[in-house]
Protein chains: 2
Amino acid sequence: MSVTDTRERLLEIALELIWQSNYSCVGVNEICKQAGVTKGAFYHHFESKASLFCEATAYYWQVIRNDLDAVFSPLNSPLVQLENLLHFLIMAKLGNDQAGIRGCPFYTSGAQIGSNEEKVIEALELLSSNAVKYNAALVHGLKSGGCLEEDVDVDAEQTGLLLYHFIHGVFSYAHVHEVVENTKRDLTVGIYRLLGLKREHWYAAEPNWVPQQANSHFVEQVMLPRRSD
Amino acid sequence: MSVTDTRERLLEIALELIWQSNYSCVGVNEICKQAGVTKGAFYHHFESKASLFCEATAYYWQVIRNDLDAVFSPLNSPLVQLENLLHFLIMAKLGNDQAGIRGCPFYTSGAQIGSNEEKVIEALELLSSNAVKYNAALVHGLKSGGCLEEDVDVDAEQTGLLLYHFIHGVFSYAHVHEVVENTKRDLTVGIYRLLGLKREHWYAAEPNWVPQQANSHFVEQVMLPRRSD
DNA sequence: AAGCATACATACCGGTTGGTATGCTCGTCA
DNA sequence: TGACGAGCATACCAACCGGTATGTATGCTT
């Protein structure tokens, strides 16, 4: 195993475990066990569990921003971008098999970290603000394209934030209650409505986004009970 | 202290602590300490931490359903009900002082409980399904009153669920990131949009709901660091 | 007054947590 | 060839976790 391998492996496993469960439920021991390394290796590469978490957020963002850039590629019309987003969300959170639901690995974790660890909160804020920026750009494109109902006193930035809230609300619920069936439908309708998408554009475009091979290693399966049993 | 006092006190303190933080971060020791009782008393009244949590959900529901019934009183027009809901949410989550943000005490807790403890998941599901019912009733009323944009293929039940997702998304975020300023505005706009509320009814009615005195004891302050430091 | 159950208080338990101290094994370079 | 640091493995730690065993004060019943 090369030098950077162990480190990356720890990051990936940690992400996967936190994704399936959440920060406070995932112990250092469990991470090491799944990664096939010892605690000595862990604390050789990371100074603390929180530190790992910080680096994992950056790592996570680095991974998904490629996908997001593809989803929101300027080559795609705003309507295609929208359908791409929906497709991306469904794939990322539910996966191909639609077996288990992953929450956002970070969304529910914020409240579980000591408030003294400001670095972590900052990392989370960077993540969410970036996500909102993508959303806002989408809104802006749709608006310019005349796809949205007129709405003078609400700007793209705010609508992007509304989308962010809603999306995480949906998946957070789905993650906890393990219901899948209506998730895609609810997600779609909710986003359409929050956008104020004109009715004639509902389900109008076909998504052209496909998961990038480069990320498939990231979604490799790690077997463990979903919660802390 | 009377017999039922200790028990109720434990329930209330536990709720308050979970509210400010979350299930897995709140220990039995901390609950006992804040409640001013010993562990012996705790395990005299509750057979486990999870059991307490179950009873707390029921207790919580019993408390807020009075408020919800007042918010959604048939004496109020649907538009007033809507504004009441907004008012209620802001008051319940942000409080009068707008100092700290409380997440829903249960929303983020689901993922932190052993999956073997099915009872807890059931209790949570009852809670959320009840909330959705209230929302759905509101949607139905607004629709009957002709306040909503026509939307043939989305029923009241589904819209109620969308509202639920969005609301919890907003407060979950606010709770973690401790931002308050735009919460009320975002919440309002998002709900209006998800409802498809006709533009002429935005901000149209005045809420007539006021917090019930009976619940004020429930929101008593408990001092502790917000997260598990 | 005897008997007994309720309502706790105190002390303690095994297991797990995040974190550390120490030692070993390599490849590298003087 | 020998010093040395990077990259770990092993063993261990105090703190804390949820939970329990046992003692005790109080009040009700008979």
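By convention in this document, chain letters (A, B, ...) are assigned in the order of the sequence lines, proteins followed by strands, and residues within each chain are numbered from 1.
Annotation: cation-pi geometry not satisfied between A/K49 and A/Y43 (NZ/CZ under 6.0 angstrom from ring centroid, within 45° of ring axis).
Nucleotide C/dG19 holds its P atom 10 Å from the CG atom of A/L52, rounded to whole Å. Taking atom CZ of B/F53 as the reference point, atom P of D/dC17 lies 18 Å away to the nearest angstrom. The CG atom of A/D5 sits 14 Å away from the C1' atom of D/dC8 (whole-angstrom rounding). Regarding A/I31, its CD1 atom lies at a distance of 15 Å from the C1' atom of C/dT16, rounded to whole Å. If you measure from atom CZ of A/F46 to atom P of D/dC8, you get 11 Å, rounded to the nearest angstrom. What separates NZ of B/K39 from P of C/dC12 is a distance of 14 Å, to the nearest Å.
OP1 and OP2 of C/dT6 both lie 4.0 Å or more from every side-chain N or O belonging to B/H45. For D/dG19, one of the phosphate oxygens OP1 or OP2 lies less than 4.0 angstrom from a side-chain nitrogen or oxygen of B/Y43. Look at B/N29 and you'll find a side-chain N or O under 4.0 angstrom from OP1 or OP2 of D/dC17. Taking only side-chain nitrogens and oxygens, B/H44 never comes nearer than 4.0 Å to OP1 or OP2 of C/dC8. Between D/dC8 and A/T6, a contact under 4.0 Å exists linking OP1 or OP2 to a side-chain N or O.
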(request) Before giving the answer on ring-ring contact (aromatic ring centres under 6.0 Å, His included), spell out for A/W209 and A/F72 the whole-Å C-alpha distance, their side-chain angles and the decisive distance to 0.1 Å. (result) CA-CA 9 Å; A/W209 173 84; A/F72 294 109; over 10 Å; no

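Counting any heavy atom pair closer than 4.0 Å across all strands shown, B/G40 reaches a base atom.
Under the 4.0 Å criterion applied to side-chain N and carboxylate O atoms, A/R7 and A/E55 are assigned as salt-bridge partners.
Residue side chain B/K49 does not reach the base of D/dG19 through any donor-acceptor N/O pair under 3.5 Å, judged by distance alone.
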